[in-house]
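Both backbone and side-chain heavy atoms feed into the values below; hydrogens, waters and symmetry mates do not.
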Amino acid sequence: MKLFFLCALLVGARALTFDASDAKNRPVSKVITLLKDMLKQLEKEAQEDEEIYDKLACWCETNDKEKTKAIADAEAKIEELTTKIEELTALSARLNTEIKNLESEVAKNQEALDQATAIREKQLAEFNAEEKDLLESISALKAAITVLSKHQGGAFLQIPQSHITTVAMTLQQQMHRHALLLKGTISPSQKRVIAAFIQEPQDYFDAKPTFKQSYAPQSGEIFGILRQMLETFEANLAQSQKEENENQKTYEELKAAKEAEIAAGQEQIDKKTAELADTDEKNAQAKEDIEDTKKSLAADEEFLMMLKEKCSMTDKEWEERQKTRQLEMEAVSKALAVLSGDDAHDLFTRTFNPALMQTEVAIASKKREQASNLLSRAAKRLNSPRLSALAYRVRLDAFTRVKKAIDDMIAQLLKEKADEIKHKDFCTDEFNKNQLQTEKKEREKKDLIAKIEDLEMTIKSLADAIAKLKDEIAEMQV
């Protein structure tokens, strides 16, 4: 586009060349109209370019702010999640330790209860055996006493021998079975009486009483020993039953205390296990969130870097286009001023005077030199090698070649214009695509927020249901 200025100058130079037919076909008015159209086109392109640039600048600024905020939020979220993960990890470790300690305590209490139960079962078995033995002994002694009591008072001669033998055997068995119990209860003299009675039950009652026995018959002595043994057994049974009741009561109290401790410990284990599961789940979710946030942060940082680079390039290109277009518009305006002046009008008028044709040939040569100098200055000003080459060709060659060069330059300018239109369309498409992507991301964001809210409500409902089930289980256990 920066070659429009050169085109205008060359068109002016071409108009100054001595060619009568060319002057008729292309009057200066057409050149002026062409330059005016070019100036309007430049102004229109400048306005359209500025509108597109404003949209792009707005898009760059909006996305820059959004991504900068998103990056700051992501960094803050990562820091928050890192702290949360550390806290949840520490809480998980503490809960694991507490659960192990509680399980160990519950196991010890259960072991103590099992040991107490085993001891109690052993005590109960021993008591049942002892009680059974004592009851059998008491029953046997009562039967023996009943036998002797029926024949008390000298009627032992009428006792059947089998009954006396049964009494002797009962006495012998009880003395043998409960020797430890009767130790200290039966005196040595009584033991001798028992031994004599056991040895010869029938003859024992036939023997004559001694001096001491004259006051207490032998049957009465055996009767007294049996009653003494009966009282001893009954007293011992009562004591054993009392001890058994105390042992049972003690065991039940211990069992109730241990079961309460075990239940309390198990309740704590269940509570802390649930808390541990919730903590581990939150920790896993936090780790997943931090990974997603890091990925999102990396994507946002990459996008922001690309955005800054692209927007910076767009600013630079727009400034260059503005500068170049301004120079082109200035050149076209200057060319219009020259062609619209009185000198240019007189010059084109003289070109149609035959008397001045010979003079105009020299003038044309001079004008060609002026055009070459003008092109050289413009080439230095715009740093254009093509303009420098064209200036030399204007100086050395005929204007027929210059015309061809001008046509080539116009074709090149049209190509550059098409490229700029293509670039503008590309920028517009990119802007629309980015806007669509932004809208899509906003919709996804809203959908995710709604999904998170639904999941939070589901989690709350499940937590309430779990708490209700725990309460029902606790009531059922009671």
**Prompt:** D270 and Q266: side-chain donor and acceptor closer than 3.5 Å?
**Reply:**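 Yes.
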**Distance-only side-chain donor-acceptor flag, E281 / Q285, under 3.5 Å** =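 The answer is no; no qualifying pair exists.
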Would you check if the side chain of [X] reaches a backbone N or O of [Y] as a donor-acceptor pair within less than 3.5 Å?
| X | Y | result |
| --- | --- | --- |
| S92 | L88 | no |
| S139 | L135 | no |
| T293 | D289 | yes |
| T89 | I85 | yes |

**Message:** Between N245 and K249, is the side chain to side chain contact (heavy atoms under 4.5 Å, CB included) condition met? List the steps.
**Reply:** CA-CA 6 Å; N245 291 333; K249 182 179 179 182; over 6 Å; no
**Request:** Test Q241 against every option in E131, E130, E246 by the side chain to side chain donor-acceptor pair (under 3.5 Å) rule and name the one that passes.
**Result:**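 Answer to the side chain to side chain donor-acceptor pair (under 3.5 Å) test with Q241 among E131, E130, E246: E131.
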Answer yes or no: is there an ion pair linking [X] with [Y], defined by an N-O contact shorter than 4.0 Å?
| X | Y | answer |
| --- | --- | --- |
| R94 | E98 | yes |
| K282 | D278 | yes |
| E61 | K65 | yes |
| D464 | K460 | yes |

**Request:** Taking the side chain as every heavy atom from C-beta outward, state whether K44 and E48 have any pair of such atoms under 4.5 Å apart.
**Result:**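 Result yes, sub-4.5 Å side-chain heavy-atom pair found.
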**Prompt:** Is any side-chain heavy atom of L124 less than 4.5 Å from a side-chain heavy atom of Y251?
**Reply:**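 No. Closest side-chain heavy atoms not under 4.5 Å.
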**Message:** Could you walk me through whether N101 and T97 satisfy the side chain to side chain donor-acceptor pair (under 3.5 Å) test, starting with their C-alpha distance in whole Å, then the side-chain angles of each, then the deciding distance to 0.1 Å, before giving a yes or no?
**Reply:** CA-CA 6 Å; N101 293 336; T97 302; over 6 Å; no
**Message:** Once salt bridge (Lys or Arg N to Asp or Glu O under 4.0 Å) is applied, what residue pairs with a partner in residues 101-114 remain, sequence neighbours excluded?
**Reply:**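 Not a single pair qualifies under salt bridge (Lys or Arg N to Asp or Glu O under 4.0 Å).
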**Prompt:** According to the salt bridge (Lys or Arg N to Asp or Glu O under 4.0 Å) rule, which pairs have a member within residues 73-88, sequence neighbours left out?
**Reply:**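 Applying salt bridge (Lys or Arg N to Asp or Glu O under 4.0 Å) to every pair that reaches into residues 73-88, excluding sequence neighbours, yields K69-D73.
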**Asked** When rounded to the nearest 0.5 angstrom, what distance separates NZ in K272 from CD1 in I99?
**Response**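 It comes to 8.0 Å.
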**Asked** Between atom CZ of F233 and atom CD of Q228, what is the distance when rounded to the nearest 0.5 Å?
**Response**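 It comes to 10.5 Å.
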**disulfide bond (SG atoms under 2.5 Å apart) pairs, two or more places apart, involving residues 40-118** =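 For residues 40-118: C60-C311.
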**Item:** Stepwise side chain to side chain contact (heavy atoms under 4.5 Å, CB included) check, E301 with I71
**Value:** CA-CA 7 Å; E301 288 176 341; I71 289 171; 3.8 Å; yes
**Of E309, K310, K308, the residue whose pairing with M306 passes side-chain contact (heavy atoms from CB on, under 4.5 Å)** =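 Answer after filtering E309, K310, K308: K310.
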